[in-house]
2 protein chains.
Amino acid sequence: MAPNTTVRKKGRAKSTAPTSAEVATIAGVSRSTVSRTFTQGASVDPVTRARIIEVAQDIGYAPNQAARSLISGRSDTVGLVMASFDNPFYHTVLSGFLDHFQRRDIRVMCHAAPDIDGVDEGVRAMLRYNVDAMIIAASGMTSSVIDDCRRSGVSTVLFNRTIPGSRVHSVQTDNLAGGRTMADFLAIGGHGRMAYIHGLEQSSTNRDRYTGFADRVAELGLPEPQQEFGEYTYQGGREAVKRLMMSGNAPDAVFCANDIMAFGVLDGLRTDLGLSVPGDVSVTGFDDVPMASWPSFGLTTIRQRRNRMIDAAVALLDTAITDPKGKDECVSIEGRLILRESARLPSPRPS
Amino acid sequence: MAPNTTVRKKGRAKSTAPTSAEVATIAGVSRSTVSRTFTQGASVDPVTRARIIEVAQDIGYAPNQAARSLISGRSDTVGLVMASFDNPFYHTVLSGFLDHFQRRDIRVMCHAAPDIDGVDEGVRAMLRYNVDAMIIAASGMTSSVIDDCRRSGVSTVLFNRTIPGSRVHSVQTDNLAGGRTMADFLAIGGHGRMAYIHGLEQSSTNRDRYTGFADRVAELGLPEPQQEFGEYTYQGGREAVKRLMMSGNAPDAVFCANDIMAFGVLDGLRTDLGLSVPGDVSVTGFDDVPMASWPSFGLTTIRQRRNRMIDAAVALLDTAITDPKGKDECVSIEGRLILRESARLPSPRPS
DNA sequence: GTGAAAGCGCTAACAT
DNA sequence: ATGTTAGCGCTTTCAC
């Protein structure tokens, strides 16, 4: 916990950076005027303002954020804690959030949690830094720190997770609907022996995708899907599909809880087992990461609408700040079935 | 630039979080003692300390970092600005740095720069936040803010870039050597018509990889490599290779400045042109991202030793903090040739 | 080992 | 529109 060698600085404030006082002296105004010049929506005489800005640039002055944060109670900083950071989908999510907040000149503190405790730790750590908002993208681990967020008065939004009754906003893809859509699509394609490869069992996204899928399969009067477990990883998918195909009752369609596992499944099927996709088996995923469109994979999948989700998350954050006592909203965004070559399409009927 | 709708909080400090004063009152000690309890290496009576910690946990107190930073001059925060954040290699780099700093209870502020100006902007923004250290992973864009970093007294390290004479530490893969290695390897494999697909031209990593490659090719007495440009992207590589193969003098080996372009090249060759790899053409990359080992690609490539690079970067940061006036070091780490199936091996000679 | 007092750099009231 | 004043929450001398 306590570091020995460390990036931490030693002594006290070297105060190497210029302060507002210096600018004030040089520009011949009071500190307040300097401060106002750098404060949104304060009124300063244009000429004075110009002079101040020039001086500031000259000596390289910029307001000290720590001091600013101390008095204003905000830090122009948001915290983003992610679990499952090896899933490329979350790289694009991170990228999207960074892009958004950079435009608004808001800093993003990142934390990649290796496990459940990691999420709590990360959230708590960021709370100490007075982040103005917290985004928790940890698809389905139960976290006890949500209350801490609310107690600290930090607007919080859950990304791809909901904790019912937690009084926290959340955004997610409609995973239930996604699962159902996939069941319909595969059924129409004439598949009768379906299989599902789970991600992490504790993950709510995984559960919902499965539930939607299995429910719809049942409604269609088809046999219950076989199940395997792939831990949301490439290697996990690759091995899971081998177990599936060796099991005596080989499926003709495999729906994976995310794209990465589906890539593993494709490689397992083609390379390890010498089977053809979709000739022998159809394979589908969930996410639509960039690679899914590469011809090597051509993965039929459910697209999570990343941009919409991010916009929604940010909107919720803004709402939460405007109206901290407001009711918690839970935005659900429908995924979109993306057709590619990894799954058999329905054969056209003779008319 | 100026946001209108905003995550920013409005009013003044709600001071919703508990302060050291409250803890002090409840625990019946002075504020100083509370402070000491949470300060590394301060001496407090064990019994008192225990009581304080209990109270703190009770009411959910943790020291306010802004206040702490204001007086101590450090923030337990580092800034990480990256260009080319769509390259998976940098996802693993980010992941590695996060892991490292989280262990040390240091926060990481991330910035993904879309272009050169973005790098400068990101660095400058983070400087205002008093980051204790800055890591700039922007493989080869010239940046004028390095001086700002030094002026602010922030230890800085360049990741995969060097700016000679800048008096800033840096770590990078030995890209020149990597290029040479690849030339040797392809030559031994019997390739005589080499091609190189450039990433971004301004990128120093790209230049070095090419220079090493071309120099060694010349030394071996082989014809100068053909050149194409792929912008470091999948799509760029895919199109570049088509131009290359249509050019009348089709190469028998294509070396790409990074793995992602190589994946594009593989798909371009196999899917778009119906060629076989490595039967018709050998393909190699640089980075060794996780996907490179997937059988769909089986990419022969030069591995950048991510972990070593990160360790070196952190060590340099620590050095810079201990000895701010020290000479700038430039650590160069040799890449490692990883053999897979995308490039022809030398045929065994009859003895 | 502990308390009292000063102050980090800034912004927000309150004056003018 | 500008100056004055107070104080955000903490750490750190300086006494004891």
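Given the structure is predicted, the values throughout are model-derived calculations rather than measurements. Residue numbers begin at 1 in each chain, while the letters A, B, ... track the order of the sequences.
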Quick test: give all pairs of protein nitrogen or oxygen and nucleotides 4-7 of chain C nitrogen or oxygen below 3.5 Å, distance rounded to 0.1 Å.
unit_1 : atom_1 : unit_2 : atom_2 : d
C:dA4  : N7     : B:S32  : OG     : 3.4
C:dA4  : N6     : B:S32  : OG     : 3.3

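- For A:Y61 and C:dC10, the shortest distance from a side-chain N or O to OP1 or OP2 is below 4.0 Å.
- The nearest whole Å value for the distance from the CG atom in A:N64 to the P atom in D:dC10 is 17 Å.
- Under the side chain to side chain donor-acceptor pair (under 3.5 Å) criterion, B:R124 pairs with B:D148, sequence neighbours left out.
- In this model, the phosphate group of C:dG9 is not approached by any side-chain N or O of A:S20 to a distance below 4.0 Å at OP1 or OP2.
- Taking both residues in full, the closest heavy atoms of B:S204 and B:N160 are given as OG-O, 4.3 Å, listed atom of the first, atom of the second, then distance.
- With sequence neighbours left out, the side chain to side chain donor-acceptor pair (under 3.5 Å) criterion links B:N307 to no other residue.
- Protein atom CZ of A:F38 is 15 Å distant from nucleotide atom P of C:dA12, rounded to whole Å.
- Remark: P of D:dG9 and CD of B:E22 are 9 Å apart, rounded to the nearest angstrom.
- Pairs engaging residues 117-139 of chain B under the ring pair (Phe, Tyr, Trp, His ring centres under 6.0 Å) rule: none recorded [sequence neighbours left out].
- A straight line from CZ of A:R74 to C1' of D:dG9 spans 18 Å, rounded to a whole angstrom.
- Applying the ring pair (Phe, Tyr, Trp, His ring centres under 6.0 Å) definition to pairs two or more places apart or across chains, those involving residues 26-69 of chain A are A:F38-A:Y61.
- Residues passing the side-chain contact (heavy atoms from CB on, under 4.5 Å) test with B:D311: none are found, sequence neighbours excluded.
- Note: CZ (A:R68) to C1' (C:dT11) measures 9 Å, nearest angstrom.
- The nearest whole Å value for the distance from the CG atom in B:N130 to the P atom in C:dG9 is 10 Å.
- In this structure, B:Y90 has no ring pair (Phe, Tyr, Trp, His ring centres under 6.0 Å) partners at least two apart in sequence or on a different chain.
- Atom CG in B:L70 sits roughly 12 Å away from atom P in D:dT12 (whole-Å rounding).
- The minimum heavy-atom distance between B:L316 and B:V331, with the atom names listed, is CD1-CG2, 4.0 Å.
- End-to-end axis angle of the helix from C:dG1-D:dC16 to C:dT16-D:dA1, from C1' rotation axes over five pairs per end: 30° (rounded to 10 degrees).
- When the side-chain nitrogen and oxygen atoms of A:T33 are compared with OP1 and OP2 of D:dG3, one or more of them lie within a distance under 4.0 Å.
- With sequence neighbours excluded, no residue forms a side chain to side chain donor-acceptor pair (under 3.5 Å) with A:R36.
- With sequence neighbours left out, the side-chain contact (heavy atoms from CB on, under 4.5 Å) criterion links A:D147 to A:R150.
- Proximity of B:S72 to the phosphate of D:dT11: no side-chain N or O atom is located under 4.0 Å from OP1 or OP2.
- Of the residues in residues 41-55 of chain A, A:S43, A:V44, A:D45, A:T48 come within less than 4.0 Å of DNA chain D through at least one heavy atom, sorted by number.
- With sequence neighbours left out, B:S170 forms a side-chain contact (heavy atoms from CB on, under 4.5 Å) with B:L158, B:T162, B:C330.
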